[in-house]
Protein chains: 2
Amino acid sequence: MRDSPVDPAQANETEETNEAATKAAVFCAAERLFALHGFQNVSVRDITADAGVNLASVNYHFGSKDALLFEIFRRRTAELNRERARMLHEANDRHQGNPPVRDILEALFAPPLRWGSPENDRRISIQFIIRSRSEGNEEMREALAKDVSHLARFADALVKARPELARDTVYWRLHFCLGMVHNNRFAEFDRLHVLSDGATREGDTTALLTRMLDFAEAGFQA
Amino acid sequence: MRDSPVDPAQANETEETNEAATKAAVFCAAERLFALHGFQNVSVRDITADAGVNLASVNYHFGSKDALLFEIFRRRTAELNRERARMLHEANDRHQGNPPVRDILEALFAPPLRWGSPENDRRISIQFIIRSRSEGNEEMREALAKDVSHLARFADALVKARPELARDTVYWRLHFCLGMVHNNRFAEFDRLHVLSDGATREGDTTALLTRMLDFAEAGFQA
DNA sequence: CTGGGAGACGAACAGACGTTTGACTCCGAA
DNA sequence: TTCGGAGTCAAACGTCTGTTCGTCTCCCAG
């Protein structure tokens, strides 16, 4: 076992890499199948069959099925958090450390929405993350609970942007905004599509972002 | 098999009923365990052991594990929809068939919030419903997708209350509101509690309802 | 050339799963 | 009293699960 194996995410879909190609194939197949069918509904055999590798590959490269799940989760949440933090940082730079509510919320909404756009390769990743929020095992939920520092930065920025609001009011409204984001699942989009008889298409990501920002920004004005 | 067995929900927790007591016990135990640990993480043996009945009871009284799941789902969603429809009807009566946005949203928010209050027996039921939205099998998701008529009444009322808004705008904002509701899970409350360092307690249901209505009503003003 | 570790592979493991079976008890109707 | 169905029960069924084992191939350092 070498110390720094080929990064599965970087070797994405490029099965030509001469080393650890099977590890990357397992990683990608697992993420996709988990995101589409749920964590418990996908067996190790499903993953290895889809990836075209041997059954024992999962346990050899990742230790266990749960460890594989957690590694996908850890990597993707880290990437999402990094992108959100970067946008929040840019908003701070743009507004001398005191960005308005809309810019803060954009840093929260835009990354998962961009990932979720139909033409984006990360569409699967965001579905995986959302799913891990409800189907994740104890380890994953613990990691989510521990990682409040990431959200705390957004909460602090919002408190600074709306100093007249009580702190707990800001926390609750941030909670509502997160609910808006996490509801962006395939099934929910389908129901909305049926309800509106085809009037609402989720294809236009920037338009959806504007809709969400309009709604949430107004919510913070209350 | 008689035609109208004792209603498990009515025989709730009263194991003294001389007939079909085990069916009610299975129903209650299953709902609680499913809500707490997830659908796939609870086995038929877990349910029957918790209910104190024989292993074969589930298949005898409900046909299969999936059928049991679906029966709990069907009953609870019907109860929730009925309560929401009743509140929307009352709001219509109060305002001559044209209730304001806040009253419509209250009919949407209040029932699940009331159920979710700590002292309420239905706290488990609402967790079950929320869970079924992401963990439900094909049959349950199909039932959710088909039942747009229930949501359509809320959408129509909102369109009537805000005629200056485009229809798809109203649909999207209703979608956002549903996200706010469905995010009210145990795990999410926990994270919010950690984030706010104990400042936000979910105990006061009416206060939470006010917070949600303030936020969502303002969102519809945008 | 040679030895050894990394990795892929088929096969098997032990356990948990949902479901089914057949016998037994009990009670109301004939 | 007798018959039959409803309900409970222990036991077993076959299947699918995650994981492990032993072996084989291949490549590179010695």
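Computation of the quantities below employed the complete heavy-atom set of this structure, encompassing side-chain atoms and omitting hydrogens, waters and symmetry-equivalent molecules. Every chain is numbered from 1 and lettered A, B, ... according to where its sequence line falls, protein lines coming before strand lines.
For dC17(C), the OP1/OP2 oxygens have a side-chain nitrogen or oxygen of S43(B) closer than 4.0 Å. Under 4.0 angstrom from either OP1 or OP2 of dT8(D) there lies at least one side-chain N or O belonging to T22(B). Contact between the side-chain N/O atoms of H61(A) and the OP1/OP2 oxygens of dA8(C) is found at a separation under 4.0 Å.
Which of dA11(C), dA6(D), dT19(C) sits closest to the side chain of Y60(B) comes down to dA6(D). The side chain of N59(A) sits closest to dT19(D) out of dG18(C), dA10(D), dT19(D). Across dT20(C), dG18(D), dT19(C), the shortest atom-to-atom separation from the side chain of V44(B) is found for dT19(C). Distances were taken from every side-chain heavy atom of S64(A) (C-beta onward) to each of dT20(D), dA12(D), dT19(D); the shortest belongs to dT19(D). Set against dG10(C), dT20(C), dT19(C), the side chain of A56(A) has dG10(C) as its closest nucleotide.
Rounding to whole angstrom units, NZ of residue K23(A) and P of dA6(C) are separated by 14 Å. Rounding to whole angstrom units, CG of residue L55(A) and C1' of dT23(D) are separated by 16 Å. Going from atom CD of Q40(A) over to atom C1' of dC16(D) covers 14 Å, rounded to whole Å. Between the CG atom of N54(B) and the P atom of dA11(D) there is a distance of 11 Å, given to the nearest Å. Put simply, CG on L68(A) is 16 Å from P on dT17(D), counting in whole angstrom units. In this structure, L33(B) places its CG atom 13 Å from P of dC17(C), rounding to the nearest Å. Between the NZ atom of K65(A) and the C1' atom of dC16(D) there is a distance of 12 Å, given to the nearest Å. In this entry the distance linking CG of N41(A) with C1' of dC16(D) reads 13 Å, nearest Å.
A side-chain N or O of R133(A) and one of H182(A) form a donor-acceptor pair less than 3.5 Å apart. If you check the side chains of D147(B) and N81(B), you find a donor sitting under 3.5 Å from an acceptor.
Taking the six-membered ring wherever Trp is involved, the centroid distance between the rings of F176(B) and Y171(B) does not fall below 6.0 Å.
Remark: H89(A) pairs with no residue by the ring pair (Phe, Tyr, Trp, His ring centres under 6.0 Å) rule, at least two apart or across chains.
Both tests hold for R75(A) against F27(A): distance to the six-membered ring centre under 6.0 Å, angle to the ring axis within 45°.
Looking at heavy-atom distances under 4.0 Å, S57(A) makes no contact with the nucleic acid at all.
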